[in-house]
*Asks:* 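Here it is, the structure in full.
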Amino acid sequence: MDGQSYKLASKCAKGVKMGATALGHMSEYCEEGKIKGVMEDYVAKHIELAEEIDCAIRAQGRTPKDVGKIAEWFAVKGIEFKFAGKHDTSEVARSAVSGADKAISMLERDARMYSLAKPEITDFVERTIELERDFKKEMAEAEAKD
């Protein structure tokens, strides 16, 4: 795997893993209902995609990168701080959708930055963007029903 492909795949996988972590912790601040269910479903979808990307990285003789422990700790603590003492599911949903928007923006930027990455890697980026867009759509539908 060439350098640009590896960097883009690593960034994509780390972002998907961070998304799974964030959604998992955010869902703890939601009341039972459609929104919580969508968040939990997308934790699993994020984990599945991250594992697929990591497998592709390993298949090329490279080592997948994990999310840094400090970055993960700050993300979790930020979520705990933001929602401590509150269980406003709508606020949590808006924050999760905002996170998906940021992820899409970062992935699009990374794809431009590593424009020479192999098509199978850019496909992971496109699938991740599609995952985030699907998440946003399902969250909007769930919020309308909750």
Side-chain angles (χ1 to χ4, degrees), residues 5-60 62-115 117-146:
S5 295
Y6 177 66
K7 287 178 183 174
L8 184 57
S10 294
K11 284 179 170 276
C12 188
K14 284 170 49 174
V16 173
K17 292 171 190 174
M18 184 62 94
T21 298
L23 285 175
H25 285 291
M26 291 172 105
S27 71
E28 295 174 13
Y29 293 93
C30 293
E31 295 175 12
E32 291 297 324
K34 300 259 185 239
I35 291 172
K36 184 178 182 83
V38 169
M39 292 177 94
E40 290 172 347
D41 287 346
Y42 275 84
V43 168
K45 289 177 181 185
H46 278 74
I47 290 169
E48 184 179 320
L49 182 55
E51 289 173 356
E52 193 176 338
I53 299 168
D54 281 353
C55 185
I57 292 170
R58 278 189 215 93
Q60 295 297 313
R62 297 283 199 131
T63 303
K65 295 182 178 181
D66 286 328
V67 175
K69 295 293 181 196
I70 293 173
E72 191 172 318
W73 183 85
F74 272 109
V76 169
K77 291 302 174 189
I79 291 165
E80 289 174 359
F81 180 74
K82 184 171 186 171
F83 300 115
K86 298 184 232 175
H87 288 278
D88 182 352
T89 300
S90 291
E91 185 179 341
V92 176
R94 284 189 301 275
S95 185
V97 167
S98 175
D101 283 332
K102 289 176 188 171
I104 291 168
S105 177
M106 290 173 63
L107 285 164
E108 290 172 340
R109 182 203 66 208
D110 290 342
R112 287 188 304 274
M113 185 182 308
Y114 301 108
S115 61
K118 301 283 185 201
E120 57 270 17
I121 302 306
T122 58
D123 182 59
F124 284 128
V125 172
E126 290 168 13
R127 288 175 52 203
T128 304
I129 290 171
E130 184 179 332
L131 179 73
E132 298 303 326
R133 288 185 176 142
D134 290 348
F135 170 72
K136 289 173 51 178
K137 181 182 174 194
E138 286 192 41
M139 286 295 282
E141 292 167 358
E143 201 162 11
K145 293 178 182 176
D146 261 356

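Quick note: residue numbers are just sequence positions, from 1.
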*Asks:* Report the residues that fulfil salt bridge (charged side-chain N to carboxylate O under 4.0 Å, His left out) with Lys137, sequence neighbours left out, ordered by chain and then residue number.
*Replies:*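 Residues passing salt bridge (charged side-chain N to carboxylate O under 4.0 Å, His left out) with Lys137: none at all.
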*Asks:* Write down the atom of Lys36, the atom of Glu28, and the distance for their closest heavy-atom approach.
*Replies:* NZ-CA, 4.1 Å
*Asks:* Could you check Glu138, Glu108, Glu126 and say which one makes a salt bridge (Lys or Arg N to Asp or Glu O under 4.0 Å) with Arg133?
*Replies:*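 Going through the options one by one, the only one that passes is Glu108.
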*Asks:* Determine, for Phe74 and Lys77, whether the Lys NZ or Arg CZ falls below 6.0 Å from the six-membered ring centre while staying within 45 degrees of the axis.
*Replies:* no
*Asks:* Go through it in stages, so that I can follow the logic: the residues are Lys102 and Ser98, the test is side chain to side chain contact (heavy atoms under 4.5 Å, CB included), and I'd like the CA-CA distance, side-chain angles, deciding distance and then a yes or no.
*Replies:* CA-CA 6 Å; Lys102 289 176 188 171; Ser98 175; 3.9 Å; yes
*Asks:* Just say parallel, tilted or perpendicular for the rings of Phe135 and His46, cut-offs at 30° and 60°.
*Replies:*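 Perpendicular, since the angle between the ring planes exceeds 60°.
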*Asks:* Hey, what do you get for NE2 (His25) to NZ (Lys82), rounding to the nearest 0.5 Å?
*Replies:*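 Answer rounded to 0.5 Å: 15.5 Å.
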*Asks:* Any donor and acceptor pair, going by atom type alone, linking the side chain of Ser5 with main-chain N or O of Ile121 inside 3.5 Å?
*Replies:* no
*Asks:* So which heavy atom on Ile57 is nearest to which on Pro64, and how close?
*Replies:*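 Looks like CG2-N, 3.8 Å.
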*Asks:* Does the pair Val92 and Ile35 meet the rule for a side chain to side chain contact (heavy atoms under 4.5 Å, CB included), with working shown?
*Replies:* CA-CA 9 Å; Val92 176; Ile35 291 172; over 6 Å; no
*Asks:* Could you walk me through whether Lys7 and Met113 satisfy the side chain to side chain contact (heavy atoms under 4.5 Å, CB included) test, starting with their C-alpha distance in whole Å, then the side-chain angles of each, then the deciding distance to 0.1 Å, before giving a yes or no?
*Replies:* CA-CA 10 Å; Lys7 287 178 183 174; Met113 185 182 308; over 6 Å; no
*Asks:* Looking at Leu107 and Cys12, what are the two nearest heavy atoms and their distance?
*Replies:*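 Looking at all heavy atoms of both residues, the shortest contact is CD2-SG, 4.1 Å.
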*Asks:* Please check this pair: side chain of Ser10 against backbone of Tyr6, looking for a donor-acceptor N/O pair closer than 3.5 Å.
*Replies:* yes
*Asks:* Of the non-hydrogen atoms in Ala117 and Leu8, which two are nearest, and what is the gap between them?
*Replies:* CB-CD2, 3.7 Å
*Asks:* Looking at CE of Met39 and CG of Leu23, how far apart are the two atoms once the value is rounded to the nearest 0.5 Å?
*Replies:*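 Output value for this atom pair is 5.0 Å.
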*Asks:* Measure the spacing between CD1 of Ile104 and CD of Glu132 and express it to the nearest 0.5 Å.
*Replies:* 6.0 Å
*Asks:* Working to the nearest 0.5 angstrom, can you tell me the gap between Tyr29 OH and Asp88 CG?
*Replies:* 13.5 Å
*Asks:* Taking all heavy atoms of Val67 and all of Lys14, pick out the closest pair and write down the distance.
*Replies:*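 Reported closest heavy-atom pair: CG2-O, 3.4 Å.
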*Asks:* Roughly how far apart are Asp66 CG and Asp54 CG, rounded to 0.5 Å?
*Replies:*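 It is 7.0 Å, given to the nearest 0.5 Å.
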*Asks:* I'd like to know if the side chain of Thr128 reaches the main chain of Phe124, judged simply by a donor and an acceptor atom lying under 3.5 Å from each other, with no hydrogens or angles considered.
*Replies:* yes
*Asks:* State whether the side chain of Thr89 and the backbone N or O of Glu31 hold a donor-acceptor pair below 3.5 Å, judged by distance alone.
*Replies:*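 Flag set: sc Thr89 to bb Glu31 pair under 3.5 Å.
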*Asks:* Side chain to side chain contact (heavy atoms under 4.5 Å, CB included) for Leu131 and Leu49? Distances and angles first, verdict last.
*Replies:* CA-CA 9 Å; Leu131 179 73; Leu49 182 55; 4.1 Å; yes
*Asks:* Under the 3.5 angstrom rule, does the side chain of Lys11 hit a backbone N or O of Met106 as a donor-acceptor pair?
*Replies:* no
*Asks:* For the pair Lys45 and Glu130, evaluate salt bridge (charged side-chain N to carboxylate O under 4.0 Å, His left out) and give the outcome as yes or no after the intermediate values.
*Replies:* CA-CA 12 Å; Lys45 289 177 181 185; Glu130 184 179 332; over 6 Å; no
*Asks:* In chain order, what residues pass the side chain to side chain donor-acceptor pair (under 3.5 Å) check against Glu143, with sequence neighbours excluded?
*Replies:*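 Listed in chain order: nothing, the list is empty.
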*Asks:* For the CD atom on Glu80, are there more than 12 heavy atoms of other groups (residues, nucleotides or ligands in this structure) within a distance under 6.0 Å?
*Replies:*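 Enclosed: over 12 neighbouring heavy atoms sit under 6.0 Å from CD of Glu80.
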*Asks:* State, to 0.1 Å, how close Val97 and Met139 come at their nearest heavy-atom pair, and which atoms those are.
*Replies:*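 Heavy atoms of Val97 and Met139 come nearest at CG2-CB, 3.9 Å.
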*Asks:* Drop me the distance from Thr21's OG1 to Ile47's CD1, to the nearest 0.5 angstrom.
*Replies:* 7.5 Å
